[in-house]
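Right, one structure below, let's go through it.
The residues of the chain are indexed from 1 along the displayed sequence. Below, all heavy atoms of this structure are taken into account, side chains as well, without hydrogens, waters or symmetry copies.
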Amino acid sequence: MAEPAELKGTTSARARRWLRRTAALLTAAPLLAGVLQIPAASGAHAQPAPTQAKASGSRTVDVSVDSLTPTTPSKDDTLTVRGTVTNRGDSTINTSYVGLRVGQPMNGRNDIDTVAKRKGYSPTLDGTEVAEKYEQKIGKLPVGISRDFTLSIPVKELHLGANGVYQIGVSLTGQTKSRPWPQVMGIQRTFLPWQQTAAPKKSKLTYLWPLISTTHLTARTGADEQQTPIFQNDDLAAELAPGGRLQQLVALGKNLPVTWVIDPDLLATVEAMTKRYEVQGQTDEDTTEGRGQAVAMQWLNDLEQAVQGHQVVALPFADPDLASLAHRGKNVTGALSHLQSATALASTTVDTILHVKPRTDFAWPVNGAIDSSIVDVATSAGAHNIIARSDSLRETGDLQYTPTAARQIGGGNTAVVADARLSTAFTGDMTRAENATLAIQRFLAQSQMLTLQAPDKQRSVVVAPQRMPTATQAQAMAAALGALSGRWTQPAGLGEAAKAQPDPRATQRVPAARSYPAALRRQELPTDGFRKIQQTQSTLDKFEVILTAKGRVVTPFGTAIMREMSTSWRTDPRGSAGFRDSVQAYLQGLTEKVRLVKKTDVTLSGRSATIPVTVQNNLLQPVELRLVLRSQQGNRLAVSDPQVVTVQGGHTQSVKFGTTANANGRAWVTAQLYTVDDQAYGPEMSFKVNVTEITSTVILVIAGGVLLLVLAGIRIYLQRKRSAARSGEDGAGNSEKQGGEAAEGEHAEPDEGERAHALVPGQPSDPAPDTGSQSADPSGSGEKVER
């Protein structure tokens with residue numbers, strides 16, 4: 001039924017009070033001369049108008065409850081409700097007022113859900129208004145206009161009974177020209193937990209307080225000795241600054257009884273910000289200096305103090321997506337090894353930065369959704385406690401209450417089942433005061449009702465909220481926790497919750513893979529993404545072998561690969577793919593800085609010679625490789641054995657290979673770098689070698705020598721002939737003399753031979769072993785090596 005006619009401002013106070021008491025019996029009648037006349041409460045008049053009002057009139061006004069204090073009142077308190085009413089209809093509302101209605105206590109947790117979803121006004125469900133003197137007159141409310149209201153009512157005037165959760169409603173009652181009778185034209189409901197005395201068996205409440213962010217660091221670092229980190233953007237500085245999301249989480253959490261759940265990657269990233277860092281621009285070369293050093297140092301200092309005395313749980317480094325690994329990654333070679341590395345890195349990171357020893361034996365799949373494969377993957381890295389959620393590990397028995405969180409799921413593993421209603425209480429838009437107020441009251445109501453379900457059983461309850469709450473969500477969460485005040489709950493750490501005695505009738509069977517929510521499955525990292533990660537790791541493994549300062553490369557790329565599997569990418573698939581591509585491209589670019597300098601054709605003159613091959617290293621550290629030279633025509637040209645070469649950073653190194661020519665002709669030679677463990681490194685380089693055993697130059701040299709010998713012989717002959725003519729009679733004696741001169745002449749002739757030999761071209765000098773920083777351009781055209 002619609003709200004009955006109520007005379008407001010045109011009848012006496014006594015008449016108005018009487019009408020309220022008989023609300024369910026009165027009907028509307030037309031106005032005559034501006035005076036509203038109340039007909040007898042007969043069946044004939046109790047039909048049309050009220051029915052229409054019920055269908056549409058009670059949603060005309062938007063009633064916003066922006067604050068309610070105290071959230072869990074005591075009998076001597078005064079309840080204050082503030083908010084706004086807005087006319088969303090098409091007619092001006094007259095003689096309106098705002099009042100508070102108190103309904104019956106809720107019978108269970110499902111009742112709370114039902115009331116929260118209900119729209120429109122129902123006189124049988126929404127109760128009656130409290131005393132008239134606590135109403136606030138609004139009067140005329142034009143279309144689209146809002147008015148603020150404040151209701152202050154002593155709690156004793158609410159006439160609350162036994163402990164329980166009471167529905168309260170704030171309603172606006174008024175009338176319009178087309179419906180000229182008082183009626184409820186808008187209502188907002190919320191809940192009022194009422195606990196006069198402390199519960200005999202308080203629930204042990206564990207609230208997880210997550211410190212997790214998205215990926216901010218790239219795999220790139222500066223070329224300096226400090227390896228200046230390079231960030232994707234400087235957004236993290238805003239989160240750490242006063243009022244920022246992460247700053248609020250730390251500031252609020254330090255005074256709350258919570259278990260801190262931290263992604264170590266966030267700590268490592270913020271720690272990197274405390275020193276000089278760069279922010280990448282449009283291109284890799286375009287960077288600007290980061291500005292967040294001060295806020296980063298302050299945040300880490302505040303966090304270190306905040307976690308003292310609290311339990312700290314460290315997630316695996318970069319918060320890897322366990323469901324994606326289980327459903328798409330575990331069949332890709334090496335994928336699970338990254339989870340193990342991330343788990344091992346978690347403890348040392350938190351301990352080093354915060355100086356606390358965290359627990360690393362908890363795994364937290366996204367939204368607490370689990371199946372058998374997720375449990376298998378999570379436990380493979382050493383986690384024996386899986387944080388699940390009750391909308392995933394559902395109760396299938398006949399329990400009439402919410403069981404304790406801990407469940408034994410086999411293999412020595414425990415599922416810690418967070419309560420879904422409490423865990424999702426603050427996932428909405430908490431920037432609106434109304435949303436925050438309603439969420440807080442609903443959270444308190446659900447937590448109290450949970451305790452009231454079985455007041456003689458003390459149970460352990462876990463709340464696992466969204467992974468990255470906003471600042472306003474964190475503020476609402478903190479307000480709700482602060483309002484509990486120990487009346488029906490008491491705080492407990494996550495470790496204590498995991499050790500609690502399980503309820504023997506609670507569900508312990510892990511859901512099958514087909515039960516995993518389709519919406520969550522669509523967000524998972526694709527199999528191709530894990531293959532790209534595998535490719536990057538393979539490239540890194542091969543690159544690592546040649547390095548002498550491995551940590552400068554292995555550390556930033558190792559953590560970058562972990563970040564590629566982060567749960568935070570679920571809402572950003574394009575960013576996820578872009579990050580993977582950028583890591584692989586940058587690593588590949590580094591590997592290509594160590595390479596063979598392209599060589600042009602070579603000509604060999606003679607049966608043996610040396611061929612220099614140059615290795616270039618544009619990295620900032622020395623590398624060590626093995627260089628192999630192979631002849632494709634071994635019967636024509638043989639080359640010497642492989643050689644190990646060490647090239648300093650920013651230098652080139654020439655390596656000489658001996659060759660032996662067995663026949664003239666053309667031979668193809670390939671040069672290939674190998675790592676010291678015999679893995680091919682970089683592309684193969686081929687060049688042509690022309691083998692000429694006797695070249696034209698050698699022929700000219702020989703011909704010149706023959707000619708000199710011939711000339712020398714002619715000269716000797718002529719000298720002897722002239723000598724014989726002068727002393728023909730002096731036979732034998734003169735002959736001896738001429739022989740001596742000839743001997744002297746032969747002794748002198750080599751001087752001329754040496755001068756002639758100087759015309760023969762010498763062998764070009766070999767390059768120096770270390771040529772320093774050189775161009776990578778190919779060697780000169782027509783390179784000629786002679787012996």
Which pairs would a plain distance check flag for residues 72-81, meaning a side-chain donor or acceptor within less than 3.5 Å of a matching protein atom at least two apart in sequence or in another chain?
from	atom 1	to	atom 2	distance (Å)
Thr72	OG1	Ala483	O	3.3
Ser74	OG	Arg487	NH2	2.9
Asp77	OD2	Ser74	N	2.7

Give every donor-acceptor pair under 3.5 Å between a side-chain atom in residues 305-325 and any protein atom, sequence neighbours left out.
from	atom 1	to	atom 2	distance (Å)
Gln308	NE2	Glu304	O	2.9
His310	ND1	Ala306	O	3.3
His310	ND1	Gln308	O	3.3
His310	NE2	Leu256	O	3.1
Gln311	OE1	Leu494	N	3.1
Gln311	OE1	Gly495	N	2.8
Asp319	OD1	Arg467	NH2	3.1
Asp319	OD2	Arg467	NE	2.8
Asp321	OD1	Ala323	N	3.3
Asp321	OD1	Ser324	N	3.2
Asp321	OD1	Ser324	OG	3.4
Asp321	OD1	Arg570	NH2	3.3
Asp321	OD2	Ser324	OG	2.9
Asp321	OD2	Arg570	NE	2.7
Asp321	OD2	Arg570	NH2	3.4
Ser324	OG	Leu525	N	3.0

Under 3.5 Å, side-chain donor or acceptor atoms of residues 148-165 against the rest of the protein: list the pairs with distances, not counting sequence neighbours.
from	atom 1	to	atom 2	distance (Å)
Asp148	OD1	Thr84	OG1	3.1
Asn163	OD1	Gln196	N	2.9

Contacts table for residues 61-70: side-chain donor-acceptor under 3.5 angstrom, sequence neighbours left out:
from	atom 1	to	atom 2	distance (Å)
Ser64	OG	Asp66	OD1	2.5

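Side-chain N/O atoms of Thr86 and Ser146 include a donor and acceptor closer than 3.5 Å. Checking Gln473 against Gln466 by side-chain atom types alone, a donor-acceptor pair falls below 3.5 Å. Donor-acceptor pairing under 3.5 Å is recorded for the side chains of Gln248 and Gln475. The closest side-chain donor-acceptor pair between Trp209 and Thr259, if any, does not fall under 3.5 angstrom. For the residue pair Arg109 and Gln453, no side-chain donor N or O sits within less than 3.5 Å of a side-chain acceptor on the partner.
The only member of Gln104, Arg101, Gln167 that meets side chain to side chain donor-acceptor pair (under 3.5 Å) when paired with Asp126 is Gln167.
Evaluation of the salt bridge (Lys or Arg N to Asp or Glu O under 4.0 Å) test over residues 158-174, restricted to residues two or more places apart or in two chains, returns none. Judged as a salt bridge (Lys or Arg N to Asp or Glu O under 4.0 Å), the pairs with a partner in residues 379-407 (not counting sequence neighbours) are, in order, Arg389-Asp391, Glu395-Arg407, Asp398-Arg505.
Two residues are said to be in side-chain contact when any heavy atoms from C-beta on lie closer than 4.5 Å; Asp419 and Val462 fail this criterion. Counting only heavy atoms from C-beta outward, the side chains of Tyr134 and Glu129 never approach each other to under 4.5 Å. Using a 4.5 Å cut-off on side-chain heavy atoms (C-beta onward), Trp364 and Asn385 make no contact. Using a 4.5 Å heavy-atom cutoff, the side chains of Ser203 and Ser460 are not in contact. For the pair Ile387 and Ile370, the minimum side-chain heavy-atom distance is 4.5 Å or more. With a 4.5 Å cut-off on side-chain heavy atoms, His384 and Thr414 do not count as touching. Taking the side chain as every heavy atom from C-beta outward, Gln448 and Leu452 approach each other to under 4.5 Å. Taking 4.5 Å as the limit, every side-chain heavy atom of Phe191 sits out of range of all side-chain heavy atoms of Ile168.
Ring to ring, Phe443 and Phe426 are close: their centroids are under 6.0 angstrom apart.
The residues Arg442 and Asp113 are annotated as salt-bridged, a charged nitrogen and a carboxylate oxygen being separated by less than 4.0 angstrom.
A 6.0 Å sphere centred on CZ of Arg509 holds no more than 12 heavy atoms belonging to other residues, nucleotides or ligands. Enclosure of atom NZ in Lys254 is not indicated, since only 12 or fewer non-hydrogen atoms of other residues, nucleotides or ligands lie within 6.0 angstrom.
A pairwise comparison of heavy atoms in Ala492 and Lys204 identifies CB-CB, 4.1 Å as the closest pair.
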